[in-house]
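Structure, as structure tokens:
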Amino acid sequence: MSAKKFQPESKHLSADLDGDGVISDQELEISRALQEQEITHERAEAQRSMAWFALWGMLLYPSLVVASEFFGLSQAAAILGAMASVYFVSVAGILAAFFGAQAFQNRK
């Protein structure tokens, strides 16, 4: 029985690490481990971006209240000020969950 041949543009050719045209079980395991590592990296990158977005939101929120007051929008400033407590607790929870998950993953 001859070995399976892949088409030249096949996505599975990346699993042929030694380039001999045959994909062994070891090459499949290495390819699978690399894919899992890539997915983990992408997930961590997305979580990191979310945490930075939340952090910048926390930093810029007070400036929005000040700007509203500066432009004479006292009602908007009052509403933003009233929402601040819920907003900061929610965003702090998101950040705490992110850093807690990172600490837990790094402890493994």
Side-chain angles (χ1 to χ4, degrees):
M1 184 186 227
S2 65
K4 170 114 171 99
K5 298 287 185 191
F6 290 101
Q7 296 175 343
E9 66 275 355
S10 175
K11 67 178 181 177
H12 300 291
L13 281 178
S14 63
D16 186 16
L17 300 176
D18 56 8
D20 64 354
V22 178
I23 299 175
S24 66
D25 289 340
Q26 183 182 13
E27 288 173 325
L28 279 175
E29 285 300 318
I30 291 171
S31 176
R32 187 174 297 121
L34 288 173
Q35 287 174 348
E36 288 176 8
Q37 189 176 23
E38 188 175 316
I39 289 169
T40 302
H41 177 71
E42 289 173 1
R43 182 182 307 125
E45 201 59 39
Q47 289 173 340
R48 189 175 299 115
S49 296
M50 179 189 65
W52 275 109
F53 185 80
L55 183 61
W56 278 109
M58 284 181 78
L59 293 172
L60 294 175
Y61 191 90
S63 64
L64 187 61
V65 175
V66 171
S68 296
E69 192 67 41
F70 179 75
F71 289 115
L73 304 170
S74 58
Q75 182 67 24
I79 292 171
L80 287 171
M83 290 178 7
S85 61
V86 174
Y87 176 77
F88 281 105
V89 169
S90 300
V91 174
I94 290 170
L95 290 172
F98 169 72
F99 287 114
Q102 291 298 313
F104 182 74
Q105 287 177 352
N106 291 336
R107 195 172 67 169
K108 286 185 188 178

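Numbers here are sequence positions counted from 1.
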Side-chain heavy atoms of [X] within contact of [Y], under 4.5 Å:
X	Y	result
S31	L34	no
Q105	T40	no
M50	F53	no
V86	S90	yes

Determine whether more than 12 heavy atoms belonging to other residues, nucleotides or ligands lie under 6.0 Å from atom CD of E45.
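Atom CD in E45 is packed in, count exceeds 12.
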Nearest heavy atoms of [X] and [Y], plus distance in Å:
X	Y	answer
E69	A77	OE1-CB, 3.4 Å
S68	L80	OG-CD1, 3.6 Å
A51	L95	O-CD2, 3.3 Å

Would you call the rings of F88 and Y61 parallel, tilted or perpendicular if under 30° counts as parallel and over 60° as perpendicular?
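Perpendicular: the ring planes of F88 and Y61 meet at over 60°.
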With clusters defined by side-chain heavy atoms of hydrophobic residues (ILVMFWY) lying less than 4.5 Å apart, directly or transitively, does [Y] cluster with [X]?
X	Y	answer
I94	Y87	no
L64	L55	yes
F71	I79	no
W56	V91	yes
V89	M83	no

I need the full list of salt bridge (charged side-chain N to carboxylate O under 4.0 Å, His left out) pairs touching residues 78-87, with sequence neighbours left out, sorted by first then second residue.
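Pairs touching residues 78-87 that pass the test: none.
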Rounded distance (nearest 0.5 Å) linking atom CZ of F70 with atom OG of S63:
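Here the rounded value is 13.0 Å.
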Contact list for residues 24-49, test ring-ring contact (aromatic ring centres under 6.0 Å, His included), sequence neighbours left out
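Checked against ring-ring contact (aromatic ring centres under 6.0 Å, His included) - neighbours excluded - no pair reaches residues 24-49.
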